[in-house]
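Worksheet: one structure, shown below.
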Amino acid sequence: MPELPEVETTRRGIEPHIARKRITKMVVRERRLRWPIPKALEAQLAGQTVDSVERRGKYLLLRINTGSLIVHLGMSGSLRVLEPGTQQPLKKHDHVELVFDDDTVLRYHDPRRFGCILWQEDPVSGHPLIESLGPEPLSADFNARLLFARSRGRKAPIKTFIMDSKVVVGVGNIYANEALFFAGINPQRAAGKVSLARYEKLVECIKRVLARAIEVGGTTLRDFTGSDGKPGYFAQSLQVYGRAEQPCNHCKAPLKEIRLGQRSTVYCTRCQR
DNA sequence: AGTATCTCCTGCGTGC
DNA sequence: TGCACGCAGGAGATAC
């Protein structure tokens, strides 16, 4: 399940293979993603050159002359680079391909089709999906003062609050669980009742967890692989996510699982208050 | 404005 | 082996 570290892993994996290359054609086999892939996109992209691959939150942005291809991997999406000369049989749910002039292929695979591929003319910040996004978690703009100020009066659980992409982008369910464990905060605590000092700790933990996950290539649960098809190694570092009933790595008390906003939430009732 | 609920979709694990 | 079922979940849409 791609979260920010997985998306960044993907970005780093594909950029060197497609930047400054010309798109020969776009092949769409299944247009029905979260929103239909725009009908005119194939004609629009043919002959264009990808300048760079950037990321905003969990959105990948393929910069192309006058605009950007906005790609979201949803729950189950992945992008794979097929280098010139390599053959990879087409699998079920391989919905889209970008073919480049040196025969490199960028292949989009998404069984659940929660992802999207959209076009936005410059500037990308004008796109409704992008413009309402909060700061990048690894930037200096994401800090305790901001979280503290924005959370005053909010009754929503702290976990739901930090997963709100208008507050901060890229903190999905796995990393929200993990960061709250390291920060020692009960995920059910009302966001508006968390002190500035605890937000300082939490911000530090979110940054650390995300940075570490990027370093090791993301978290592979079931089927996430990077653009080279290799798994990420963060799964073995998980402290709470997916470990309900198992002993807390800190105090050995069994971890508790609850649901917050329809999301699986695992925490230690002793270490997280 | 904030909050809760619904929705999209397929693959996987479970129980019979 | 096969079926029905429940569950997972990013995040926009919708309703209050």
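As a basis for the values below, the full set of heavy atoms in this structure was taken, side chains included, without hydrogen atoms, waters or symmetry mates. Every chain is numbered from 1, with letters handed out A, B, ... down the list of sequences.
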- Query: Rounded to the nearest Å, what distance is computed from the CG atom of residue L118(A) to the P atom of nucleotide dG12(C)?
  - Reply: 12 Å

- Query: Y241(A) side chain N/O closer than 4.0 Å to the phosphate oxygens (OP1, OP2) of dG9(C)?
  - Reply: yes

- Task: Please round to the nearest 0.5 Å and tell me the distance separating atom CG of L180(A) and atom SG of C268(A).
- Result: 13.0 Å

- Query: Counting just side-chain N and O atoms, does Y175(A) come under 4.0 Å of either OP1 or OP2 of dG9(C)?
  - Reply: no

- Round to the nearest Å and state the distance from K155(A) atom NZ to dC16(C) atom P. 20 Å

- Message: What's S264(A) touching, base or sugar-phosphate or nothing? Going by heavy atoms closer than 4.0 Å.
- Response: sugar-phosphate

- Taking atom types as they are modelled, is there a donor-acceptor pair under 3.5 Å from the base of dG10(C) to the side chain of R112(A)? no

- Specify the separation, in whole Å, of atom CZ of R56(A) and atom C1' of dA11(C). 15 Å

- Item | Rounded distance in Å - NZ (K92(A)) to P (dC12(B)) | 10 Å

- Item | Phosphate-side-chain proximity, K58(A) and dA11(C), N/O vs OP1/OP2 below 4.0 Å | yes

- Message: Would you say the base of dG10(C) stacks on F114(A) (centre-to-centre below 5.5 Å, plane angle below 30°)?
- Response: yes

- Rounded to the Å, how far apart are R259(A) CZ and dC7(C) P? 8 Å

- Query: Would one find a side-chain N or O of H93(A) under 4.0 angstrom from OP1 or OP2 of dG11(B)?
  - Reply: yes

- R32(A) CZ - dC8(B) P separation (whole Å): 13 Å

- Task: Give a yes or no on whether the backbone of I64(A) and the side-chain of Q48(A) come within a donor-acceptor separation of less than 3.5 Å.
- Result: no

- Task: Enter the distance from T269(A):OG1 to Q272(A):CD here, rounded to the nearest 0.5 Å.
- Result: 9.0 Å

- Is atom CZ of R259(A) surrounded by more than 12 heavy atoms (other residues, nucleotides or ligands) closer than 6.0 Å? yes

- Take atom NZ in K21(A); do more than 12 heavy atoms of anything else shown fall under 6.0 Å from it? yes

- Message: Does dT10(B) have OP1 or OP2 under 4.0 Å away from a side-chain N or O of R113(A)?
- Response: yes

- Message: At less than 4.0 Å, is any side-chain N or O atom of R263(A) found next to OP1 or OP2 of dA11(C)? Yes or no.
- Response: no

- Whichever of R34(A) and A156(A) has its nearest DNA chain B nucleotide further upstream toward 5': A156(A)

- Would you indicate what Y59(A) reaches in the nucleic acid, counting non-hydrogen atoms under 4.0 angstrom: base, sugar-phosphate, or nothing? sugar-phosphate

- Using whole Å, report how far CD1 of I70(A) lies from C1' of dA11(C). 15 Å

- Query: How long is the line joining CD of Q262(A) and P of dA8(C), in whole Å?
  - Reply: 10 Å

